[in-house]
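Each ligand, and each atom within it, is numbered from 1 in the order the structure gives.
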Amino acid sequence: MPSHLVCFNSSCRAQYPITDVLYNCPKCGGLLEASAPEALDPARLKPLWRERRMSNAPLDQSGVWRYRELLPFDGQFEHVVTIREGNTPLLASPRAAAYGGLRAVTFKHQGFNPTGSFKDNGMTCGASQGRRLGMKRVACVSTGNTSASMAAYAAQAGMQAIIFLPHGNISYGKLAQALEYGAKTLQVEANFDQILKLVRVLAEQLGIYLLNSVNPFRIEGQKTIMAEMLDQRDWHVPDWVVVPGGNLGNVSAFGKALRELQAAGFIDRLPRLAVIQAEGSAPFEAFMHTPTHDSFPTVDHPETLATAIKIGDPVSWPKAWNEVATSGGLVEKVTEQEIADAKAVVGASGIGCEPASAATLAGIRKLTASGRMPPDADVVAILTGNVLKDPDYIYRYHTGGLTAHSGPIKGAFENAPIVVPNDPQKIAALLA
Ligand SMILES: *Cc1c(COP(=O)(O)O)cnc(C)c1O
């Protein structure tokens, strides 16, 4: 059966053609997902996927399209737009492990992507679907990285990018990317959640293709982060995968990928998924701790300096809930201070990441301290964005000028630049 869209709502499960332009189920309003791939043969695909790493063909060089059997394109790849996304490394860090209370930790660093975040893994798939549908314009609302990514892919694909950003709440690195890649950029005086509602209306009215993570093709592309991680580990399943949670698309993609790979026999068990949120923007964490789970406690005014996860009404929470529950995972929240210090530790390891990414290490430290994650656990933490995305945050942290909604941050690992006179003796004395 060819790929199709399915309503995620277990009491509906209505099906639609894969080329329908839908973001929610027309019958029940539920989230949509792509049908699971069929007839995957691990004995054939594991060596084939490995072999493609040696190929010079663009599709094979992409760390997303190399795993194209997992994606709902049914052998039709002529519309694919790729900037060789994915191909991100697994990096060990003894220093971060010690800080996190673990014997070892591995970072899967999605900041190595062409526009510097994991959004590229999903965007290549979403933009390719836009092209397959013959779309001329694409739009998104973004805390920054989605717009940077969409702008680049739209430019590559010859589509116009229209970006909606919360005015004054986005890091300069990300805004700069959107401008440089030529996107029409609108700064709206509202927060992410409010703008998403606005953009959905506009997309419908103007026939613009919406590339937020409510778009099921974004989720499909992000599945390959798990496939690539497992391929890089020779299919050894870690005990935990730790990921920051904002709109909750990434954890939804990871869970779907892992379930599909398990069903096809690539792996024999699931890693536990740990989602880490920032304390001022943690509705999913609050939801998971409600006894009955009957309503979702959205946060009207989310706060955090980790702007990539500053989301109070995450679209994908029903999917994320399913994935956390199925994997025996958990959800935790961390403070602004904990994020900032964990980020400095990732940086001091020579790795570096943006603030939202560091929620992973801060979360790990909390989970080991409370005994929920044993010190010898095999842990892969996802660093979602590049260190250069938010240089302002870094400078302020290291010079003692970083202030969150919760109060000033104390730079426990402060490393301020030192102004010196043009005098070799004085500098030598300073360095002695
Ligand atoms: C988008 C983003 C997140 C949040 O991911 P969700 O899928 O929205 O939960 C985390 N970190 C970075 C750097 C991001 O760009």
Exercise. Number the atoms of ligand 1 from 1 as they appear, then name those within less than 4.0 Å of a heavy atom of Asn247, with their elements.
Key: 6 (P), 8 (O), 9 (O)

Quiz item: Going by the order shown, which atoms of ligand 1 are within less than 4.0 Å of some heavy atom of Gly249?
Solution: 6 (P), 7 (O), 9 (O)

Exercise. Report yes if some N/O of Gly385 lies less than 3.5 Å from some N/O of ligand 1; otherwise report no.
Key: no

Quiz prompt | Point-to-point distance, once rounded to the nearest 0.5 Å, from CE of Met150 to OG of Ser142 | solution = 8.5 Å

Practice problem: Using a cut-off of 6.0 Å, state whether more than 12 heavy atoms not belonging to Glu204 lie near its atom CD. | Solution: no

Quiz prompt | Candidate pair Trp321 and Phe296, rule ring-ring contact (aromatic ring centres under 6.0 Å, His included), full reasoning | solution = CA-CA 11 Å; Trp321 180 22; Phe296 191 83; 9.3 Å; no

Self-check item: Derivation and outcome, salt bridge (Lys or Arg N to Asp or Glu O under 4.0 Å), residues Lys333 and Glu279
Solution: CA-CA 5 Å; Lys333 65 181 175 189; Glu279 198 177 53; 5.2 Å; no

Quiz item: When the ring centroid of His293 is compared with that of Phe287, is the distance short of 6.0 Å?
Solution: yes

Self-check item: For atom 12 (C) of ligand 1, closest protein heavy-atom neighbour
Solution: Thr384 OG1, 3.3 Å

Quiz prompt | Pair Phe284 + Trp317: ring centers closer than 6.0 Å | solution = no

Exercise. State the atoms of ligand 1, each with its element, that fall below the 4.0 Å cut-off from a heavy-atom position in Gly245.
Key: 9 (O)

Practice problem: Measure from atom 10 (C) of ligand 1 to every heavy atom in Ile309, Asp390, Val315, Thr143 and give the option owning the shortest one. | Solution: Ile309

Quiz prompt | Ala308-ligand 1 polar pair, N/O distance under 3.5 Å | solution = no

Self-check item: Numbering as shown, the atoms of ligand 1 that approach Ala356 to under 4.0 Å (heavy-atom distance)
Solution: 11 (N)

Quiz prompt | For ligand 1, the portion of Ile311 having any non-hydrogen atom under 4.0 Å away | solution = neither

Quiz item: Does the ring of Phe73 carry Arg132 above it, NZ/CZ under 6.0 angstrom from centre and within 45° of its axis?
Solution: yes

Quiz prompt | Top protein contact for atom 14 (C) of ligand 1, by heavy-atom distance | solution = Lys119 NZ, 2.8 Å

Self-check item: Identity and distance of the protein heavy atom lying nearest atom 7 (O) of ligand 1
Solution: Asn250 N, 2.8 Å

Quiz item: Looking at atom 5 (O) of ligand 1, what's its closest protein heavy atom, distance included?
Solution: Phe118 CZ, 3.3 Å

Practice problem: Determine, considering heavy atoms only, which of Gly246, Ser252, Cys353 sits nearest to atom 9 (O) of ligand 1. | Solution: Gly246

Quiz item: Of all the atoms in ligand 1, which lie at a distance below 4.0 Å from a heavy atom belonging to Glu354?
Solution: 13 (C)

Exercise. Using the side chain to side chain donor-acceptor pair (under 3.5 Å) rule, take Tyr153 and Asp120 through it: C-alpha gap first, then chi angles, then the decisive distance, then the call.
Key: CA-CA 8 Å; Tyr153 281 87; Asp120 292 344; 4.5 Å; no

Quiz item: Do other residues, nucleotides or ligands put more than 12 heavy atoms under 6.0 Å from the CZ atom of Arg95?
Solution: no

